[in-house]
Amino acid sequence: MSDPETVFVVDDDPSVRRALERLVASVGLNCEAFASAEEFVRREHSRPGCLVLDLRMPKTSGLDLLRQLNQGGYRLPVIFLTAYGDVRTSVAAMKGGAVEFLTKPFQEQELLDAIQHAIDRDREARKKHDERLRRKRQYESLSPRERQVLAHVVAGLLNKQIAGELNVSESTVKQHRAEMMQKMEARSLAELVALVTELDLNNTPPLPEST
Amino acid sequence: MVLLSSNGIGLLLLVVCLYYVGCLVGFALRFPSSGISFFWPPTAVLTAVLLLTPPRTWGFSLAGALIAHTIAHTQRGIPITASSVQFLANAVQAGIAAWTTHWFGAGRRLLGDLRGIAASIGSASTVAPAVASLIPAYVYVGMGWAPDVWQAWRARTVSNAIAALTLLPLILVICGHLWPRPSLPSARRLGEMFLLLLGLIATDLIAARTTTSAADAFFWLYAQMPFLLWAVVRFGVPGLSCALLCTTLLTISSALRGQHLFAGAAPADAVVTVQLFIAMTAVPLMLMAGLLEENRTERRASHELQQEHEAVLRAIPDMMFVLTRDGVYVRHYARSVSELLVPPDSFIGKNMRDVLPTEVADMFAGAFEHTTPDTPAVGEYTLVMNGEPRRYEARLIGVERDRVLTIVRDITERARAEQALRESQQRYALATAAGGVGVWDVNIATGELYVEAGLKRLLGYAEHELGSQALDWAGLVHPADLEEVVSGAIAAFTGTSSGFEAEHRVVHKDGSIRWFVTKGEISERVDGRAIRMTGTYTDITQRNQAERALRQANAALTRMARITALGELTASIAHELNQPLCAIVANATACLRWLDTPTPRTDIRGALNDVVQDSHRASEIVRRTRELFTNRPVRKRPLDLNDAVRDVLELAAARLQRSDIALEVQLDDDLPLVNADDVQIQQVLLNVVLNAVDAMRSIKDRPRVVRVESRRGNALACVSVRDEGEGFRPNEIERVFDPFYTTKPGGMGIGLAVSRAIIQSHGGSLWAEANDAGGATFSFTIPALDGQP
């Protein structure tokens with residue numbers, strides 16, 4: 001909750017843009033409006049909040065912008081607006097990760113709910129992201145031996161088995177395991193397993209083999 | 001003389017002179033012993049004057065004669081009594097002569113013919129001197145001028161008669177030559193007359209020298225006859241008078257010199273004998289001259305008549321032939337030999353059966369039998385002249401019992417014209433037989449109207465039912481059209497328009513309506529005033545019905561094409577409409593929320609302004625769309641094509657975006673206005689733009705761009721839409737405008753066909769071109785509004 005959430009509006013129609021700005025402002029949210037996708041990309045994309053995007057715009061359309069943002073890795077929750085929606089475009093939008101697809105003119109509450117929902121999602125996502133970053137940093141703070149121990153613990157081996165695998169004494173394993181559990185802030189084996197699953201270690205570079 | 005008669009004193013003086021000269025001549029031609037002259041001109045002179053002047057001036061003439069007579073006789077010492085009796089006798093003689101000549105020859109030329117000459121001889125040369133000499137005879141005896149009354153009477157009568165015979169005609173003829181227009185005989189005639197007189201004089205001279213016996217005397221007397229006859233034949237009365245005068249004077253002068261023919265006789269007797277001879281000879285010669293003159297006059301008249309006839313013959317183009325009833329050519333008259341079938345030498349005297357083709361000769365022979373001087377006959381026949389068949393008309397009339405006059409006229413041209421007219425009439429009858437087309441003709445002064453009989457039938461009326469007045473027919477024109485028809489006709493009558501044309505309704509007898517096109521032009525003018533108008537009428541009822549059906553079908557097709565095009569734009573239009581609606585809802589909602597907060601934001605005003613603006617924007621889109629959908633009649637008015645382009649692009653903008661098409665627009669601000677129906681023009685633009693969109697559907701490898709451009713041309717406005725799509729297949733460029741030709745799946749193929757029809761109905765053209773760099777350009781032009789460059 002360090003930054004207040006901002007609603008970013010991208011719509012080429014100035015009148016619609018102004019109206020959306022006012023509507024968002026009327027519920028006490030910050031709003032920033034952009035006339036085109038390019039303008040938005042140039043200016044801002046890291047602050048929390050959500051993106052209200054007109055599907056059809058000259059040059060870069062809403063869908064294009066969504067794809068672009070997806071490629072960038074970080075994604076703001078996107079609410080698509082369209083003056084005339086058809087099945088093909090709405091499917092493409094949802095596939096692209098849109099949280100909501102609204103047809104103009106919409107019930108204002110619908111949009112505001114969608115915005116609220118998106119902001120919540122963003123907050124959630126940001127929280128998860130932060131948590132994951134923290135866990136990752138915790139994991140990265142482990143020594144290589146501790147990582148090996150973690151991998152075997154998660155794999156379900158007993159201390160004695162781990163000691164055999166690592167060719168060390170059981171007490172050493174216990175000591176590493178206690179260090180590791182503390183660093184990872186895991187109170188139980190189950191919690192550790194959940195953390196590791198979340199970290200998705202398969203995607204992380206394989207742990208270096210002990211010699 | 002006639003001129004002088006208007007001036008009494010002038011006449012008097014002239015008579016004084018002439019009479020006095022006459023007296024001197026008379027005195028000279030007598031024996032001094034006798035008072036009786038052998039030749040007494042004064043009476044003849046006086047007679048001539050009286051004859052040449054009207055009776056009311058005779059008083060002046062007689063007074064002049066009395067004066068001259070008194071002077072001359074007093075000079076000679078002749079006693080006043082004798083002189084008075086003589087004058088009286090002279091005056092009486094002249095009076096009788098003049099009066100009787102007038103009376104006999106009333107209304108004729110003096111000495112002009114036999115009767116005039118007879119009158120002149122009878123009265124002036126015979127009766128008058130004879131009567132007038134009775135009293136002077138006694139006086140002369142008393143005066144001792146003559147031995148007895150008989151001789152005295154004879155001497156005076158003869159001398160006056162001779163003077164009357166010789167001088168009187170001469171004076172009259174000379175006056176005739178001088179008055180009213182002087183005309184002198186030719187030098188040749190004068191020369192001939194001179195020779196004649198020379199002959200007479202020579203004869204007299206020889207006679208005077210050679211005569212020795214009475215037989216000789218008669219020989220020499222008659223020796224003058226050839227000259228006298230010469231004078232009669234060649235010179236008529238005047239010539240004879242002249243010759244006689246010459247002979248008389250020669251005889252008298254010879255006698256006075258003692259050289260007379262009758263040797264031994266007293267000179268006076270000899271003179272009288274010669275005088276009697278001359279008088280006796282003169283009378284038949286005079287009458288003969290009169291006959292010849294009459295003959296000559298008749299011949300001249302006949303010659304003139306003949307010349308007139310020949311002129312008449314030359315003036316008429318006909319040929320004439322005189323034939324016997326048997327058919328033998330007697331005479332012919334033709335202006336040129338080339339008009340004849342054969343040269344005159346080949347047919348004159350021959351029978352027509354040897355000259356003419358058998359059937360023509362048969363025709364003539366039949367006509368010859370019946371024609372008389374009172375019953376002419378007419379026939380037509382054909383002859384081949386110089387290898388060309390020519391048509392002739394012959395009029396025959398009997399001249400006498402046995403002759404027939406044939407007048408032949410070449411009627412080939414007329415026959416051709418008649419044939420052409422007949423054929424033309426047949427064609428015309430064929431053309432107008434149906435009654436739907438025909439000619440009318442109106443006499444503007446009388447209002448009388450001629451129309452084809454078929455027209456009455458066409459309108460359900462019988463032949464006798466409608467009058468022949470223009471007003472009768474005006475009543476049939478539909479009341480709603482009557483004013484237009486009448487004012488159009490009046491404009492043509494008065495010359496404010498060159499002709500008259502109206503498309504109007506006519507009410508059939510059964511009440512149904514028929515449509516007519518009536519056209520007319522002034523066909524005759526008098527003093528610049530129209531008096532006759534001729535024209536045509538055409539029944540276009542069926543054509544009108546067909547046209548109306550076609551118009552309706554076209555309108556339906558056009559509308560269908562428009563709605564089809566609009567259908568493709570539904571999404572685009574919805575987008576356009578939803579944009580402002582969305583803005584309105586958002587603004588309004590924001591305002592409502594602000595109103596619920598304790599400290600309302602000041603931007604409420606801005607929000608509400610936007611609401612108003614967006615509402616207008618939305619309603620404008622609705623109006624525009626509705627117009628395109630509405631079925632309303634074509635309404636042309638001044639239009640800026642740029643506006644139409646903007647409107648259409650606004651509706652199609654979303655469609656272009658959705659198809660990832662970039663739009664380039666370049667509008668010429670200097671575009672001239674055109675007279676056009678905005679909806680139809682928008683329909684055309686819509687079609688062309690949508691076609692451009694479709695053409696680029698499959699383009700993936702290059703940017704999709706549609707370029708719309710307007711520009712001014714020479715008195716026209718031009719709009720073009722250029723795409724960078726697939727372009728045309730070979731030979732396709734010509735077919736894209738064909739109805740029902742389409743390359744789109746599910747397309748009807750009427751969009752471009754209808755578009756072209758629309759542009760053409762605006763007087764413009766719509767065409768397609770292939771771009772060099774691929775793609776197609778569709779352009780259309782519309783003529784600029786009148787008065788714009």
Side-chain angles (χ1 to χ4, degrees), chain A residues 7 9 11-29 31 33 35-37 52-65 67 79-90 92-93 102-116, chain B residues 569-618 621 649-651 653-665 703-705:
Chain A
V7 179
V9 172
D11 196 316
D12 62 311
D13 189 318
S15 169
V16 173
R17 210 159 59 226
R18 282 201 304 277
L20 291 176
E21 267 188 288
R22 290 192 189 103
L23 181 64
V24 172
S26 74
V27 292
L29 290 170
C31 185
S36 68
V52 177
L53 195 51
D54 188 19
L55 195 60
R56 278 184 204 147
M57 283 180 297
K59 297 183 186 169
T60 315
S61 76
L63 274 178
D64 290 338
L65 179 58
R67 281 186 210 112
I79 300 168
F80 267 117
L81 293 181
T82 177
Y84 184 87
D86 55 39
V87 177
R88 189 170 61 86
T89 46
S90 52
L102 293 175
T103 306
K104 292 180 194 169
F106 37 76
Q107 294 289 322
E108 97 280 359
Q109 198 55 54
E110 257 184 306
L111 177 65
L112 292 175
D113 287 350
I115 288 174
Q116 196 55 58
Chain B
L569 274 191
T570 315
S572 186
I573 293 167
H575 180 261
E576 282 306 311
L577 192 56
N578 281 334
Q579 288 290 95
L581 290 179
C582 171
I584 289 166
V585 170
N587 274 317
T589 321
C591 287
L592 285 173
R593 283 176 193 280
W594 281 327
L595 288 174
D596 287 342
T597 59
T599 50
R601 289 266 304 260
T602 48
D603 201 24
I604 287 181
R605 182 172 297 279
L608 290 177
N609 272 336
D610 276 2
V611 166
V612 171
Q613 266 182 23
D614 284 324
S615 302
H616 286 313
R617 187 175 142 199
I621 292 163
L649 291 182
E650 201 161 310
L651 289 181
R655 171 65 191 269
L656 290 165
Q657 272 176 31
R658 187 175 136 208
S659 303
D660 293 328
I661 293 171
L663 183 64
E664 288 179 14
V665 182
R704 300 175 177 183
V705 179

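Labels below follow one simple rule: chain letters A, B, ... track the order of the sequence lines, proteins then strands, and each chain is numbered from 1.
Of all heavy-atom pairs between B:Q579 and A:D11, the closest is NE2-OD1, 3.9 Å. B:A586 approaches A:A19 most closely through the heavy-atom pair CB-CB, 3.5 Å.
A salt bridge links A:D13 to B:R617: one of the charged nitrogens lies within less than 4.0 Å of a carboxylate oxygen.
Checking B:D614 against A:S15 by side-chain atom types alone, a donor-acceptor pair falls below 3.5 Å.
Using a 4.5 Å cut-off between heavy atoms, A:L112 contacts chain B through its side chain alone, with no backbone atom that close. Neither the backbone nor the side chain of B:A662 has a heavy atom closer than 4.5 Å to any heavy atom of chain A.
Rounding to the nearest 0.5 Å gives a distance of 15.5 Å between CZ of B:R593 and CZ of A:R22. To the nearest 0.5 Å, the span separating CG on B:N609 from CZ on A:R18 amounts to 9.5 Å. Atoms OG1 and CD, on B:T589 and A:Q109 in that order, are 9.5 Å from each other to the nearest 0.5 Å. Distance CG/B:N578 to CG/A:L81: 11.5 Å, rounded to 0.5 Å.
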